[in-house]
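What follows is a set of notes on a single structure, which appears directly below.
This one's a predicted model, so the numbers in the text were calculated from it and none came from an experiment.
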Amino acid sequence: MADKKLVAATFTPFDSKCEVNLSQIGPYIDYLTKKQGVKSVFVNGTTGESLSLSVAERKMLAKEWCEKANGKMEVIVHVGCMSLKDSQELAKHAVEIKADAIAVMAPFFLKLKTAEALKLYLQEVSSAAPVLPFYYYHIPAITGVHVPARDVIAGIQELIPVFRGVKFSGTDLMDLGQCVSSSPPQWSFLYGVDEQLLAGLAMGADGAVGSTYNYLGCHVNKLIAAFEKHDLDQARKIQFKLQELLGFATNFGFDLGVNKQVMNDVSGLLLGPPRLPVMPCPPTHAQAIAKKYFELFTEC
């Protein structure tokens, strides 16, 4: 792709009773596009607590994102589930709501053990949405499926003609590099480890997907711009600030619950708490991280 794109992995808005709150999606889109300069979202992924949502809830969210974002931003809908049938149902629905693309992570209760098996699984999901660009969501730390991404994508376009790339949320930069070096130019590799994005860009990533880009998007866009201008000193400065923030946050157990509360505090949106089994964040923890955020990053 010509321009490296930044994709926010969105949080799912809940009310105080942890029921889906669609009323926040419109303001959320305005915040991302106007305040953060983010024009693409990855909906119902890990950050969105997708595996804690019902199929009906995921459809409701995806539909609202696509309707509200129409003409404003690209919507990639994650449709991965533990059940192939559920994934196919969500993929078919993504076509109906005119999503821009779909992505699928490997199921991780009954784990796939080979690249061949994973390719067949992805093919079956894509068959329910044969017109939509398709991304493999590689996140071995969560799925426990440690099949190299390079093995998954080898020859995959023969099985999935609409295959367009990988959301690469792994730390194996050799695997990422081999994916990039062996793939056609029309594919995209979107790096998903926020704290080492610059390394991913150096290995040829076409952009990034991450949770912190919900509230750090404008700064990370500057990082990407600096990298593209070969200004590595400036790109490193921004990456090091992001690392300092995440290193500080790790002292407070920087899990999804903490991250979501930081987003609430920084953005002013009302995205609510996480849903069990994720525990809510103690207010003092999020406040300390938000304070650190404002010390490190000025408003764009």
Who are the side-chain contact (heavy atoms from CB on, under 4.5 Å) partners of [X], not counting sequence neighbours?
{"X": "Val55", "answer": "Lys59, Asp86, Glu89, Leu90"}
{"X": "Val180", "answer": "Leu176, Phe189"}
{"X": "Cys218", "answer": "Gln36, Cys300"}
{"X": "Arg150", "answer": "Pro148, Asp175, Gln178, Cys179"}

Atom pairs and distances, side-chain donor-acceptor, residues 20-30, under 3.5 Å, sequence neighbours left out:
residue	atom	partner	partner atom	Å
Asn21	OD1	Ser23	N	3.3
Asn21	OD1	Ser23	OG	2.6
Gln24	OE1	Leu270	N	3.0
Tyr28	OH	Phe11	N	3.0
Tyr28	OH	Asn214	OD1	2.6

Taking the ring centre of each residue, are Tyr137 and Phe42 less than 6.0 Å apart?
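Between Tyr137 and Phe42, the centre distance is under 6.0 Å.
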Quiz: residues 193-204 side-chain donor-acceptor pairs under 3.5 angstrom, not counting sequence neighbours:
residue	atom	partner	partner atom	Å
Asp194	OD2	Thr212	N	3.1
Asp194	OD2	Thr212	OG1	2.6
Gln196	NE2	Tyr191	OH	2.8

Taking disulfide bond (SG atoms under 2.5 Å apart) as the cut-off, I'd like each qualifying pair that reaches into residues 43-113, sequence neighbours left out, listed once.
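Not a single pair qualifies under disulfide bond (SG atoms under 2.5 Å apart).
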What pairs of residues pass the disulfide bond (SG atoms under 2.5 Å apart) test when at least one of them lies in residues 230-293, not counting sequence neighbours?
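Non-adjacent pairs meeting disulfide bond (SG atoms under 2.5 Å apart): zero.
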Of all residues at least two apart in sequence or in a different chain, which pass the side-chain hydrogen bond (donor to acceptor under 3.5 Å, both in side chains) check with [X]?
{"X": "Thr143", "result": "none"}
{"X": "Arg275", "result": "Glu57"}
{"X": "Asp233", "result": "Arg236"}

Angle class for the His219/Phe297 ring planes (parallel below 30°, perpendicular above 60°, tilted otherwise)?
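It falls in the tilted class, 30° to 60°.
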Report yes if some heavy atom in the side chain of Val262 is under 4.5 Å from a heavy atom in the side chain of Tyr293; otherwise report no.
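Val262 vs Tyr293: side chains apart.
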Pairs involving residues 104-132, ordered by first then second residue, that meet salt bridge (charged side-chain N to carboxylate O under 4.0 Å, His left out) (sequence neighbours left out)
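Residue pairs passing salt bridge (charged side-chain N to carboxylate O under 4.0 Å, His left out), neighbours aside: none found.
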Check the side chains of Tyr215 and Asn264 for a donor-acceptor pair under 3.5 angstrom, ignoring hydrogens and angles.
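Result is no, nothing qualifies.
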